[in-house]
There are 2 protein chains.
Amino acid sequence: MRSSSSSSAHASAKHDHTKCISAALDTAEQLCVVRGVQLTPIRLQVLKLIWESHQAVKAYELLDRLKPLKQEAKPATVYRALDFLIEQGLIHRIESLNAFIGCHYSGQQHEQLLLICKECHEVEERSAPAVMDALSSEIDQAGFIAHSKAIEIHGICAKCSKETDAQG
Amino acid sequence: MRSSSSSSAHASAKHDHTKCISAALDTAEQLCVVRGVQLTPIRLQVLKLIWESHQAVKAYELLDRLKPLKQEAKPATVYRALDFLIEQGLIHRIESLNAFIGCHYSGQQHEQLLLICKECHEVEERSAPAVMDALSSEIDQAGFIAHSKAIEIHGICAKCSKETDAQG
DNA sequence: ATCGAATATGTTATATTATCACAACTTTGT
DNA sequence: ACAAAGTTGTGATAATATAACATATTCGAT
Ligand SMILES: [Zn+2]
Ligand SMILES: [Zn+2]
Ligand SMILES: [Zn+2]
Ligand SMILES: [Zn+2]
C-alpha cells in the first residue's frame with residue numbers, strides 16, 4: 001500500500017497551483033507580445049500542459065495529452081512548440097531526464113539550479129546566486145566563455161524525505 | 001577552408017596525451033582489482049576508445065569504433081560497458097550531449113564541473129571546490145538530499161577562443 | 001485588397017539513443 | 001565437479017528526436 005501515496009499526494013497540497021499556472025501564462029503572453037513573437041494556440045496549449053504540475057514532463061507524454069485536443073498532433077508538433085518555449089525562456093529542458101518543466105523566472109535572468117526529486121518527480125528551480133557567482137568565477141578562471149549553464153541535482157525533496165520518515 | 005583547422009589541431013598539442021591514457025588505464029585497473037570487479041577486455045577496450053581524446057564520444061560512435069575489433073559488438077555491448085564504467089566512476093555521462101568522457105578524478109570524490117566546448121567538443125573536468133561548497137549549502141537550505149550532481153557548461157574553451165581571435 | 005516574405009503547421013519518413021528478454025558462456029567459490 | 005553469480009551474444013523493440021517538403025497563416029508594404 002505504499003505505492004500510491006507518494007506520487008500524487010503532496011503535489012496538490014501546500015500551495016495554490018492555479019496561481020502558478022495563471023502567473024506563468026500571463027507572463028508568457030506578455031513576454032511574447034513585447035518580443036513580437038507568436039504564442040500560438042499550439043504553443044499555449046503545450047505550455048498549459050507543462051504547467052499542469054511541477055513534475056518533469058516528457059515530450060511523448062505531452063504528445064499523448066495533446067492528441068485529444070489536437071488530433072493532427074505529431075512528434076514534430078510537440079518538439080516545435082517545445083523549441084519555441086525554450087527559446088523564449090518559458091520552460092526548461094531537463095537534460096538528465098529528457099524532460100521539460102515550466103520556468104519560474106521567465107522574465108528575468110537565466111542560470112538556474114534544478115532540484116529533481118526521484119520520488120515525486122517534482123522539480124524545484126532556484127536562482128542560487130551564491131552558487132552562480134562561484135560558478136562564474138570558476139569558469140572565468142578556466143578562460144572559458146559560457147553560453148549556457150545547467151545544474152541538475154537528483155535526489156529526494158524535503159516533502160518526500162519527511163513522508164518517508166513518517167511512514168517508517 | 002575553415003572547416004578542418006579547429007577540430008583536430010589543438011587536441012594533440014600542449015600535452016602528452018599518452019600519459020593521460022596510461023594514467024587513466026592504470027587507475028582503472030587498480031580500482032577494479034581493489035573493488036573485486038572485472039575490467040573485462042570489452043570494458044577495457046571501450047575505456048581505451050573513450051580515452052583516445054578529450055572529446056565527448058557518443059555510444060554509437062564507440063560502437064562503430066569497436067566493431068572492427070569485436071565483430072559481435074551490438075548496442076547492448078557498448079551500453080553495458082558504459083554502465084559498468086560509469087558505476088565505477090571511470091567515465092562520466094554528459095547528459096546534455098548523450099555522450100561520454102573519461103573521468104580525470106577516478107579514485108577520488110565525485111562532484112565535477114564539466115566545461116564543454118561547442119567548437120572542438122573537448123571537455124574539461126574541474127573539481128571546483130568553491131562552487132561545490134556553495135552548491136551543497138544551497139541544497140541543504142532547500143532541505144533536499146542530493147544523490148547526484150551534474151554541472152554542465154556549454155561554450156567556447158580558452159584554446160578555441162584564442163584561435164578565433166587569431167583567425168579574425 | 002492584394003501581394004510576397006516570413007512564420008507556422010501538416011505529414012511522412014527516418015535518424016538517433018537506449019533497453020529488454022532470453023540463451024549461452026565464463027568466472028568464482030565450494 | 002558443481003552451482004551461483006556475473007558476463008556476453010543476439011534479436012527485437014522502445015523511446016527520443018529530427019529531416020524534408022508541402023500547405024497554410026500572419027503581417028507588413030504596396
Ligand atoms: Zn504550483
Ligand atoms: Zn519529492
Ligand atoms: Zn590528454
Ligand atoms: Zn574548444
Side-chain angles (χ1 to χ4, degrees), chain A residues 28-29 31-47 49-50 55-88 90-101 121 150 152, chain B residues 28-29 31-47 49-50 55-88 90-101 121 150 152:
Chain A
E29 288 188 13
L31 284 177
C32 289
V33 168
V34 168
R35 293 170 184 171
V37 296
Q38 304 176 44
L39 188 59
T40 61
I42 292 177
R43 291 164 176 178
L44 179 58
Q45 186 58 69
V46 170
L47 184 59
L49 290 173
I50 289 173
Q55 292 176 249
V57 177
K58 308 222 139 201
Y60 278 75
E61 233 176 281
L62 287 170
L63 178 56
D64 289 343
R65 295 205 226 145
L66 184 58
K67 271 179 181 160
L69 309 168
K70 193 105 187 52
Q71 300 194 320
E72 328 84 298
K74 301 266 175 344
T77 316
V78 168
Y79 280 104
R80 283 166 178 163
L82 291 170
D83 287 347
F84 172 86
L85 296 170
I86 290 168
E87 265 174 26
Q88 298 302 321
L90 301 174
I91 65 171
H92 295 295
R93 181 182 159 82
I94 303 173
E95 301 291 352
S96 50
L97 290 179
N98 298 327
F100 305 85
I101 192 80
H121 306 114
E152 301 183 3
Chain B
E29 289 189 11
L31 284 177
C32 289
V33 168
V34 168
R35 294 171 183 170
V37 296
Q38 303 176 46
L39 188 60
T40 62
I42 291 176
R43 292 165 175 176
L44 179 58
Q45 186 58 68
V46 169
L47 185 59
L49 289 173
I50 289 173
Q55 292 176 248
V57 178
K58 307 222 140 202
Y60 279 72
E61 232 177 281
L62 287 170
L63 178 55
D64 289 343
R65 294 205 227 145
L66 184 58
K67 271 178 179 159
L69 309 167
K70 192 104 186 52
Q71 299 194 319
E72 328 84 298
K74 300 269 176 337
T77 316
V78 168
Y79 281 104
R80 283 165 177 162
L82 291 171
D83 287 347
F84 172 86
L85 296 170
I86 290 169
E87 266 175 26
Q88 298 303 320
L90 301 174
I91 64 172
H92 294 295
R93 180 179 160 82
I94 303 172
E95 301 290 354
S96 50
L97 291 179
N98 298 328
F100 304 86
I101 191 80
H121 305 114
E152 301 183 2

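Within every chain, numbering begins at 1; the chains are lettered A, B, ... in the order of the sequence lines, protein sequences first and strands thereafter. All of these numbers come straight from a predicted model, not from anything done at the bench.
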State, yes or no, whether a side-chain contact exists between A:Val37 and A:Phe84 at a heavy-atom distance under 4.5 Å.
yes
Please encode protein proximity along nucleotides 12-29 of chain C as a string of B, S and -, counting only heavy-atom distances under 4.0 Å.
B----BBBBB--------
Minimal heavy-atom distance between B:Ala81 and B:Ile42, with the atoms involved, is CB-CG2, 4.3 Å
Taking it one step at a time, do A:Ile91 and A:Ile101 satisfy side chain to side chain contact (heavy atoms under 4.5 Å, CB included)?
CA-CA 6 Å; A:Ile91 65 171; A:Ile101 192 80; over 6 Å; no
A:Asn98 versus B:Glu95: any side-chain heavy-atom pair under 4.5 Å?
no
Using chain B heavy atoms and a threshold of under 4.0 Å, write down where along DNA chain D the contacts begin and end, 5' to 3'.
D:dG6 to D:dT10
Validation row: A:Leu44, A:Thr40 side chains within 4.5 angstrom (heavy atoms)
no
With heavy-atom distances below 4.5 Å as the criterion, would you say the side chains of B:Val33 and B:Leu39 are in contact?
no
Yes or no on side chain to side chain contact (heavy atoms under 4.5 Å, CB included) for B:Ile86 and B:Phe100, after CA distance, side-chain angles and deciding distance?
CA-CA 9 Å; B:Ile86 290 169; B:Phe100 304 86; 3.9 Å; yes
Can you tell me how far P of C:dT9 sits from CG of A:Leu82, to the nearest Å?
13 Å
Under 3.5 Å, is there a donor-acceptor pair between the A:Arg43 and A:Gln38 side chains?
no
Can you tell me how far P of C:dT7 sits from CG of A:Leu39, to the nearest Å?
17 Å
